[in-house]
Structures are given as structure tokens and as C-alpha cells.
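By convention in this document, chain letters (A, B, ...) are assigned in the order of the sequence lines, proteins followed by strands, and residues within each chain are numbered from 1. On a predicted model such as this, the values are computed, not experimentally measured, just so you know. Both backbone and side-chain heavy atoms feed into the values below; hydrogens, waters and symmetry mates do not.
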Number of protein chains: 2
Amino acid sequence: MAQAGTVDRILDTAEVLFAQKGFAETSLRAITSKAGVNLAAVNYHFGSKESLVQAVFERFLTPFCAALDAKLDEMEASGVPDTPENILGIMSRLVLGSHPEDPQRAAIFFRLSGQAYSQPQGHLREYLHQQYGAVFRRLQDHMQRAVPDVPPRELFWRVQFSLGATIFTLSGLESLKDISRNDFNMDVTEADITQRLLPFLVGGIKAPVPVI
Amino acid sequence: MAQAGTVDRILDTAEVLFAQKGFAETSLRAITSKAGVNLAAVNYHFGSKESLVQAVFERFLTPFCAALDAKLDEMEASGVPDTPENILGIMSRLVLGSHPEDPQRAAIFFRLSGQAYSQPQGHLREYLHQQYGAVFRRLQDHMQRAVPDVPPRELFWRVQFSLGATIFTLSGLESLKDISRNDFNMDVTEADITQRLLPFLVGGIKAPVPVI
DNA sequence: CATCGTTCAAAACATACGTTTCAAACATAC
DNA sequence: GTATGTTTGAAACGTATGTTTTGAACGATG
């Protein structure tokens, strides 16, 4: 099992480079040379570059969704009420605390998610939605109980808006950090942003529904 | 000036293909062959592929920002009060109505914006921010007057969140249309989304600021 | 009509990419 | 120790890319 080192080194390097430069802009040669493995190793272990991309996402999302499921179980068991604040709080604590040993990991997570969502063809997006749609729907159900006055169809879009605001902001955080440093003399971290995001999202989700 | 036809055919085709498949995934050969011009025409008229990308954005954003500036002038002159609803309403009407002869144009606009923002290296993002930062700041000033209780630094991020929710959602609208059709038996248009977006964004921007 | 700057077309160029090949190194089982 | 299946290493393959070159066609100017 000496190849385990190879496979993990490829995944570790690929996830960083994909987040930094995008999928198309990251060559297998860049990955393998930085990982210190042979060029052919990717095709040998993963079959193709596209499968590598999927593998990177699986290694990220499978544990994350499992943890989210567990947290939701815990929430239901302990009788914590369904409120937007509680649900979004669970999410943000999970994301920020998922890899406490490596704080940059959360940033990578969001950059990768942003890449996947803005991928024009969207086949990765659909793959993710079908692979992890169950957890997403469970989250949406809890949110529905939190704001029963918002019609389900309206809430669906509001959750999408929330996703957008979150991923979009945290995925492009590097540029925004510079702007905020120049314009407001303010240094900012991922945790700061999520703290500011929470009331914004709650306000949006609880907003009155216009009568059309 | 017979080349005007060539230049515009290139821009027309490039903007569609870029929106459909992304920058890196769209080759100059795909553009030129679909546009019915010679391969060398891009490098002759624009210098390089990267300059083509910038030219596509300039042709989009320069008139848009000019129109936005005019609308803000008009708003200030007519004494319409600064409220989040009014400001965001101007934006959405502007985006949706900017090319009434081609309703798909708005979708292309957002897909391109999403591409630019999620571009990992972010050099396009910075270019846009420095090129059109003035209008952005003006918009932000109006919003500040609309919600004077929100501290400027907080508002900066809330505007970013709003941008994220908007661009992110409307940039990936094709996939979301399918989901919403399957899960809610609901057909949806760009105008529908912006109508749902407005109260969400207003709720987020006006949300109470937590005491930290 | 001749000339000059501009635009177009076809071809070639150099390079980078994902992938495949094949033999050597390795680990494991008999 | 030999044989077998697995993993690595170096090289090559085929292809697609952005870019450059060269010369012809065109249109205005003198």
C-alpha cells in the first residue's frame, strides 16, 4: 500500500492548485511535479483529470455532509428549536471548524465550491446536487420549519440566494480582503465574514414575502 | 471601416461562447469559425485572447455603468428618496431592460460576471473594480444614506453579499431552472428571480447590526 | 495610375496539454 | 527463491492551443 502516499499527495496538491487557479488552468504536470509524483500517476490512480476533480470534491464533501447530518441529528434530539440563526450557526461552525488544524482549509473549501458552481457547463454542479441533494433538502426542511410563513417555493430561492452570498464572498475573499484593507483599513478573516454574513442571511430569509 | 463587421462579429460570438463555456474552455478557433472570420483576426484586432476578454467586458460594462450613472443623476434630481428598495429597483430594471430586444442578453451578462468574479487569479476582477469602482462607490454611498444605522464597514460587506447572491444565482440559472421545475413544478424567468431577490436583499441590508 | 496603409486569408510555428506505452522496481504469496 | 500482480519512472504520442508569418486583396490618397 505504498501508493496511498501517492494518491493523497496528488489530492492534497490538486485541491490547493484547483482552488488557486481553477480546473482548466491547472495542468496535470503542475499537480504531479509539485506533489513530487510521476505524471502518469494521475491517470493510473484516477483514470482521468475529470475523475481527479470529482475525487477532490468527494474527499471534501462526503465527510462534511456526514458531519452536517450528525449535527442535525443532534439538534433534533436535543430539542433545539428550528430558527434561521440556529441552522445557519450550525453551518458556519461546521465549515470553520471542520479542519481546525488548518485554517486555510475553509478558504479552499469555498474557492472550490465557487469554482464548481460557476462552472458554466454545470455538470459538476449537477453531480454535486444529485450526490449531496439529500442533506441539502434536509437543511431546507429545517429552514422551512424555522420560517413557516415563507412559502416553500420562495424559501427555495432564498436558500439559493444565501448560498450565493456565502460562496461568492468567501470564494473571492483574497481580493475583497485587499479592498477592505485599502478602503477601511480593516483586516478581516473568514470568521469575521461569517459573523457578518449571519445577520444578513437571517434578515433576507425572514424578509416579508411580497404579495404578487 | 469594413473591419467593424469583423470586430463586432468576433465580440458577439465571443461573449456568447464565453458565457456558455467559460474563458479557458473557449478556443479562438471556436470563436472565429463560428463568427465566420479568419483565425488570425482576433490577434490582429485585439492583440491577444486576454485582451479579447477585456474587450468583451468593456463593451458590456461601459454602457451599463453610464446608464447607471444617468439613472442615479435622475434619482438625485427628482428627489426620489434613498431607500434600499429604490436603489435596488433601479439596478434590476437597468439590468433587465438594458437590452429589451434580446432578453437572453441579461443572462449572458450575469454568466459573464460570474465567470469574472470566480476567476481564481482575480486579475479580471481587479481590473473591473478599478475600471468601474467609481460607480460602485457611488452606489454604495446612496445605499449608506438609505441605511444610515448600518456602519459603513458593515454595509460594504452587505453590498458584497448582495452582489454574490445576485450574480451567483442568475449566473447559474439554467441548472436552478431545472431543479425548480422538477421540485416545484415551477417555471421561472430572470424577471421572477429578481422580483424574489429584491425583498431578500432589502431584508439583509436592513438587518439589525449585532453588537460585537 | 501608382502608392501606401489597412484588412483579410492560409499556412506554419512553437508549445502545452492529457493520455498512453513499456520496462523497471516493488511488494506479496506460494 | 521464484512467480505474480501492483505501482512507479521516463519517454513518447497525438492533438489542440495561442500566436506569428507571409502575401494577396482592398480602398483611399497623391
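Put simply, CG on A/Asp8 is 17 Å from C1' on D/dT8, counting in whole angstrom units. Atom CZ in A/Arg29 sits roughly 16 Å away from atom P in D/dT17 (whole-Å rounding). Remark: C1' of C/dT19 and CG of A/Leu52 are 14 Å apart, rounded to the nearest angstrom. Atom CG of A/Leu39 is separated from atom P of C/dT19 by 10 Å (rounded to the nearest Å). Distance CD1 (A/Ile31) to P (C/dA16): 17 Å, rounded to an integer number of Å. Rounded to whole Å, the distance from CG on A/Leu28 to P on D/dC13 is 20 Å. As a whole-Å value, the separation of B/Glu25 CD from C/dG18 P is 12 Å.
Candidate nucleotides D/dT7, D/dT19, C/dT19 were compared by shortest atom distance to the side chain of A/Lys49, and C/dT19 ranks first. Considering only side-chain atoms of B/Tyr44, the nucleotide from D/dA10, C/dT19, C/dT7 that sits closest is C/dT7. Distance from the side chain of A/His45 is smallest for D/dT8 among the nucleotides C/dG18, D/dG18, D/dT8. Side chain of B/Asn38, nearest nucleotide from D/dG18, D/dA12, C/dA10: C/dA10.
Within the 3.5 Å criterion, the main-chain N or O of B/Lys21 finds no donor-acceptor partner in the side chain of B/Thr26. In this structure, the side chain of B/Gln144 engages the main chain of B/Val150 through a donor-acceptor pair within 3.5 Å.
When the options A/Phe168, A/Trp157, A/Tyr117 are evaluated for a ring-ring contact (aromatic ring centres under 6.0 Å, His included) with B/Phe168, the one that passes is A/Tyr117.
The pair A/Lys34-A/Asp12 fails the salt-bridge criterion, with no side-chain N (NZ, NE, NH1 or NH2) lying under 4.0 Å from an Asp/Glu carboxylate O.
At the phosphate of D/dT7, neither OP1 nor OP2 sits under 4.0 Å from any side-chain N or O atom of A/Thr6. Side-chain nitrogen and oxygen atoms of A/Ser27 include none within less than 4.0 Å of the OP1 or OP2 phosphate oxygen of C/dA16. Put simply, A/Asn43 has a side-chain N or O that comes within less than 4.0 Å of OP1 or OP2 on C/dT19.
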Side chain to side chain donor-acceptor pair (under 3.5 Å) assessment of A/Ser118 paired with B/Ser118: CA-CA 7 Å; A/Ser118 65; B/Ser118 65; 2.8 Å; yes
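Annotation: of the two residues near DNA chain D, B/Val42 and A/Ala41, the 5′-most nearest-nucleotide partner is A/Ala41.
The partner of D/dG9, taking Watson-Crick or G-U wobble pairs whose two distances both stay under 3.5 Å, is C/dC22.
Counting non-hydrogen atoms under 4.0 angstrom, A/Ala40 reaches a base of the nucleic acid. Note on A/Thr26: only backbone sugar-phosphate atoms sit closer than 4.0 angstrom, heavy atoms only; bases stay farther off.
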